[in-house]
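When a residue number appears, it is its place in the shown sequence, counting from 1. Remember, it's a predicted structure, so these values are computed and weren't measured experimentally.
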Amino acid sequence: MQLVVARIGRAHGIKGEVTVEVRTDEPELRLAPGAVLATDPASAGPLTIETGRVHSGRLLLRFEGVSDRTGAEALRNTLLIAEVDPEELPEGEDEYYDHQLIDLDVVTADGTEVGRITEISHLPTQDLFIVERPDGSEVMIPFVEEIVAEIDLEEQKAVITPPPGLIDDRAEIASSREDVSGREES
């Protein structure tokens, strides 16, 4: 099975290095020197990682056969794809690969059906489940411990405890201002 593990960003310097937007929790495994990665678009690869280093908090990679800025810039926005055994599981106990979560049924703690996970959106601050509701609309559920109470891969479901307003329009509106309509005029 193929997993997107990074997206190539801009060129860095003049010797063929590129910045990468990491999309894996295991960059030391997936983006190590010697790793051969497929690409999207396929015409850009496959690419073999020659070197990798962290500079100012960003991962920089250099690929075999790419030795100058022009070659590096030509790879911009290319997705890097690793071949992964579908039976392989992440190292952490509460970690999941996207393919394990896609198509899970989403239900609330009381069993109310919310929908089905169709996509995982990886944002800088947190991941989001994109959930298709039975009526065809979509709702975004932050993949955080406070909301996603349980992932049950055997039952193929994600149990959530959403705050008011996340999946419905019944948000509780609290105001610290007092009702000012009863003021007397002088």
Side-chain angles (χ1 to χ4, degrees), residues 1-10 19-31 37-45 57-59 76-179 181:
M1 172 181 40
Q2 296 187 324
L3 296 176
V4 173
V5 293
R7 183 184 64 81
I8 298 175
R10 60 182 176 76
T19 62
V20 293
E21 174 189 311
V22 177
R23 295 190 181 175
T24 176
D25 289 336
E26 303 166 321
E28 64 285 344
L29 175 66
R30 308 278 181 225
L31 300 172
L37 303 167
T39 59
D40 181 8
S43 59
R58 294 206 57 114
L59 179 61
R76 191 173 196 160
N77 293 322
T78 298
L79 296 177
L80 298 175
I81 303 165
E83 190 65 39
V84 178
D85 181 345
E87 301 301 313
E88 182 180 327
L89 299 175
E91 291 178 7
E93 183 179 320
D94 288 333
E95 294 179 2
Y96 303 93
Y97 290 132
D98 287 4
H99 72 272
Q100 294 174 293
L101 301 171
I102 300 292
D103 287 333
L104 291 185
D105 292 322
V106 178
V107 297
T108 60
D110 67 6
T112 304
E113 179 185 5
V114 176
R116 182 180 56 84
I117 299 172
T118 57
E119 182 182 342
I120 313 294
S121 181
H122 300 281
L123 303 177
T125 55
Q126 68 190 13
D127 295 336
L128 291 175
F129 291 159
I130 309 301
V131 178
E132 183 178 314
R133 303 195 61 156
D135 66 5
S137 65
E138 286 185 341
V139 63
M140 292 182 234
I141 310 285
F143 188 17
V144 294
E145 194 175 319
E146 295 81 14
I147 296 173
V148 180
E150 178 186 0
I151 299 291
D152 187 336
L153 296 178
E154 285 188 23
E155 294 288 324
Q156 287 289 289
K157 69 179 180 180
V159 179
I160 64 170
T161 55
L166 182 65
I167 60 173
D168 56 32
D169 295 329
R170 296 183 304 248
E172 294 176 19
I173 300 173
S175 175
S176 61
R177 289 195 285 171
E178 295 179 27
D179 185 5
S181 62

- Task: Could you walk me through whether Asp152 and Val159 pass the side-chain contact (heavy atoms from CB on, under 4.5 Å) test, one step at a time?
- Result: CA-CA 8 Å; Asp152 187 336; Val159 179; 6.0 Å; no
Does a side-chain heavy-atom distance below 4.5 Å link [X] with [Y]?
X: Glu113; Y: Asp105; value: no
X: Phe129; Y: Ile120; value: yes
X: Val5; Y: Val22; value: no

Closest contact, heavy atoms only, [X] versus [Y]:
X: Ala82; Y: Arg30; value: CB-CD, 4.2 Å
X: Glu21; Y: Arg58; value: N-NH2, 4.3 Å
X: Val107; Y: Lys157; value: CG2-CD, 4.3 Å
X: Val148; Y: Pro142; value: CG2-O, 3.7 Å
X: Pro134; Y: Gly115; value: CD-CA, 4.3 Å
X: Leu166; Y: Val139; value: O-CG2, 3.4 Å

Rounded to the nearest 0.5 Å, what's the gap from [atom1] on [X] to [atom2] on [Y]? Could you check?
X: Asp127; Y: Met140; atom1: CG; atom2: CE; answer: 13.5 Å
X: Leu128; Y: Ile117; atom1: CG; atom2: CD1; answer: 11.0 Å
X: Thr19; Y: Ile8; atom1: OG1; atom2: CD1; answer: 9.0 Å
X: Glu83; Y: Leu37; atom1: CD; atom2: CG; answer: 11.0 Å
X: Glu138; Y: Glu119; atom1: CD; atom2: CD; answer: 7.5 Å
X: Tyr96; Y: Ile102; atom1: OH; atom2: CD1; answer: 14.5 Å

Do any N or O atoms from the side chain of [X] and from the backbone of [Y] form a donor-acceptor pair under 3.5 angstrom?
X: Thr108; Y: Thr161; result: no
X: Asp40; Y: Ala42; result: no
X: Thr118; Y: Ile130; result: yes
X: Gln156; Y: Leu153; result: yes

- Please assess Ile141 against Ile160 for the test side-chain contact (heavy atoms from CB on, under 4.5 Å), listing each intermediate value before the final yes or no. CA-CA 9 Å; Ile141 310 285; Ile160 64 170; 4.0 Å; yes
- Query: Run the side-chain contact (heavy atoms from CB on, under 4.5 Å) check on Arg7 and Asn77 step by step: do they pass?
  - Reply: CA-CA 6 Å; Arg7 183 184 64 81; Asn77 293 322; 2.5 Å; yes
- Message: Are more than 12 heavy atoms, taken from residues, nucleotides or ligands other than Arg133, located less than 6.0 Å from that residue's CZ atom?
- Response: yes
- Should we say atom CD of Gln126 is surrounded by more than 12 heavy atoms from elsewhere, each under 6.0 Å from it? yes
- Evaluation steps, side-chain contact (heavy atoms from CB on, under 4.5 Å), between Thr39 and Leu79: CA-CA 5 Å; Thr39 59; Leu79 296 177; over 6 Å; no
